Amino acid sequence: MGSWFGRLFEEAGLKVLVSDRDTPLTNREVARQAEVVIVAVPMEVFPEVVQEIGPEISPEKGLIDLCSLKAREVALMLEHTRGEVVGAHPLFGPYERGLSGQTVALCPGRGERWLSWFREFLEVRGARTVVLSPEEHDRIMSLVQVLNHFWLVVLGRTLAESGLPVDRVVALATPSFRRQLEILSRLALQDPELYTTIQFENPLGEETRRLFWQIARELSEVLARKERQTYLQTFKEVQALAREIGSLLGLSAPEEKEPQTGQNHQETEKLSPGHPAEK
């Protein structure tokens, strides 16, 4: 992500100084010379990097990080530098072509100048920014990242352990399950170290995974006891939530139709016109 943003800044006509393991410039040299320093390093080494460069950043300059978690990271930056501090989390990976349509979370730490500068830089190029506290960010990420990634690994392991031929599962996938498989397939592009760190380091991850298992166990017991009405009611409650989510995502609701005898299952899962998955 550091290289990705570096190219973006250069395309905007900004001078970019880079410090990496094999560059002539050191971390401290970049911190002393740059007006704003953006740290894009693995979360495991983030504390030592911030401790190294923080004292080199004067109060009128800025320090921004791109880590996937924010509470600890923003606190470390505030502790080790007198400069302005912004926590940023791009909610996409370096395989995207540009900022248009992407979301970046921004967590104010200290000062307004560099927060406003970075936010304007992102929004002018089509990004959507969401400003929130580091604590709220990490709580939401326990669902958006921790539970999402965890569920995908569970799905993949279940598919592998089932013994079913993957090609036949794909061939017989309904539209909704095919979309699940498409999301699962994107794991092939991801960094295993980063995804593992997110599971272990999010302070609310265990709480969210525990809630997931609690609900899964309760529903499994309802099914084992053949409590049809209880499960039906739960499904309807989730349907209500699904409608709210669809509205927030700007998806048009499908027209309600009377059930037809012998209706093709694939037709019941037909996407509404303009649904992103059709593209």
Side-chain angles (χ1 to χ4, degrees), residues 1-100 102 104-127 129 134 188-198 200-201:
M1 289 305 293
S3 298
W4 192 92
F5 270 97
R7 289 192 297 270
L8 200 67
F9 292 135
E10 288 177 337
E11 290 170 1
L14 300 174
K15 182 179 179 180
V16 178
L17 304 175
V18 178
S19 171
D20 207 337
R21 288 174 294 184
D22 56 355
T23 58
L25 288 174
T26 66
N27 290 345
R28 286 193 175 96
E29 288 172 335
V30 168
R32 284 195 292 267
Q33 296 179 44
E35 288 190 75
V36 58
V37 178
I38 297 182
V39 182
V41 298
M43 286 189 285
E44 293 87 347
V45 300
F46 182 82
E48 64 184 81
V49 171
V50 170
Q51 290 175 35
E52 178 186 13
I53 67 173
E56 308 292 340
I57 299 172
S58 54
E60 72 277 6
K61 295 183 178 182
L63 178 60
I64 301 173
D65 83 292
L66 301 181
C67 291
S68 298
L69 292 171
K70 294 271 77 83
R72 182 194 70 159
E73 285 66 24
V74 170
L76 281 168
M77 291 189 290
L78 290 172
E79 178 184 355
H80 292 289
T81 188
R82 296 174 299 155
E84 296 194 5
V85 168
V86 180
H89 181 194
L91 295 165
F92 56 93
Y95 43 81
E96 301 293 347
R97 294 183 179 180
L99 281 170
S100 181
Q102 304 301 333
V104 180
L106 297 175
C107 300
R110 177 191 297 132
E112 293 290 337
R113 177 189 176 192
W114 292 109
L115 172 64
S116 298
W117 169 80
F118 196 40
R119 186 177 188 180
E120 181 179 356
F121 180 90
L122 297 168
E123 292 180 350
V124 163
R125 287 157 183 80
T129 62
L189 303 172
Q190 309 306 326
D191 177 6
E193 291 289 342
L194 173 61
Y195 272 46
T196 299
T197 298
I198 288 171
F200 279 88
E201 295 298 327

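All residue numbers refer to positions in the sequence shown, counting from 1. Bear in mind that the values here come from a model prediction, so they are computed numbers and not experimental data. Hydrogens, waters and symmetry mates play no part in the numbers below; they use all other heavy atoms, side chains included.
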Non-hydrogen side-chain atoms of [X] and [Y] separated by less than 4.5 Å:
X: L122; Y: L106; value: yes
X: E73; Y: L76; value: no
X: M1; Y: P90; value: yes

- Query: Can you list the steps and then say if F121 with L14 is a side-chain contact (heavy atoms from CB on, under 4.5 Å)?
  - Reply: CA-CA 11 Å; F121 180 90; L14 300 174; 4.3 Å; yes
- Message: Looking at F200, I'd like to know if its CZ atom is crowded, meaning that more than 12 non-hydrogen atoms belonging to other residues, nucleotides or ligands lie closer than 6.0 Å.
- Response: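 Incorrect, the count does not exceed 12.
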- Query: Does atom CD of E193 have more than 12 heavy-atom neighbours from other groups under 6.0 Å away?
  - Reply: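 No - once you tally the heavy atoms of other residues, nucleotides and ligands closer than 6.0 Å, there are 12 at most.
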- Got a donor-acceptor contact below 3.5 angstrom from the K70 side chain to the A88 backbone?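 Flag set: sc K70 to bb A88 pair under 3.5 Å.
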- Which residues pass the side chain to side chain contact (heavy atoms under 4.5 Å, CB included) test with E123, sequence neighbours left out?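 E123 satisfies side chain to side chain contact (heavy atoms under 4.5 Å, CB included) with R119, T129 only.
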Taking atom [atom1] of [X] and atom [atom2] of [Y], what is their separation to the nearest 0.5 Å?
X: Q33; Y: K15; atom1: CD; atom2: NZ; answer: 7.0 Å
X: T196; Y: E44; atom1: OG1; atom2: CD; answer: 9.5 Å
X: F46; Y: D65; atom1: CZ; atom2: CG; answer: 4.5 Å
X: L63; Y: I38; atom1: CG; atom2: CD1; answer: 9.5 Å
X: Q102; Y: R125; atom1: CD; atom2: CZ; answer: 14.5 Å
X: L91; Y: S68; atom1: CG; atom2: OG; answer: 8.5 Å

- Going by the angle between their ring planes, with limits at 30° and 60°, are W114 and W117 parallel, tilted or perpendicular? perpendicular
- Task: Kindly indicate, with the supporting measurements, whether the criterion side-chain contact (heavy atoms from CB on, under 4.5 Å) is fulfilled by M43 and I198.
- Result: CA-CA 9 Å; M43 286 189 285; I198 288 171; 4.2 Å; yes
Side-chain polar contacts of residues 49-58 - donor-acceptor pairs under 3.5 angstrom, sequence neighbours left out - could you list them?
unit_1 : atom_1 : unit_2 : atom_2 : d
E52    : OE1    : N27    : ND2    : 3.0
E56    : OE1    : R32    : NH1    : 3.3
S58    : OG     : E60    : OE1    : 3.3
S58    : OG     : E60    : OE2    : 2.9

- Just do the side-chain contact (heavy atoms from CB on, under 4.5 Å) check on R110 and T81 with the steps written out, would you? CA-CA 10 Å; R110 177 191 297 132; T81 188; 4.2 Å; yes
Considering all heavy atoms, the nearest [X]-[Y] contact:
X: C67; Y: V41; result: SG-O, 4.3 Å
X: V18; Y: L25; result: O-CB, 3.8 Å
X: V74; Y: G109; result: CG1-CA, 4.2 Å

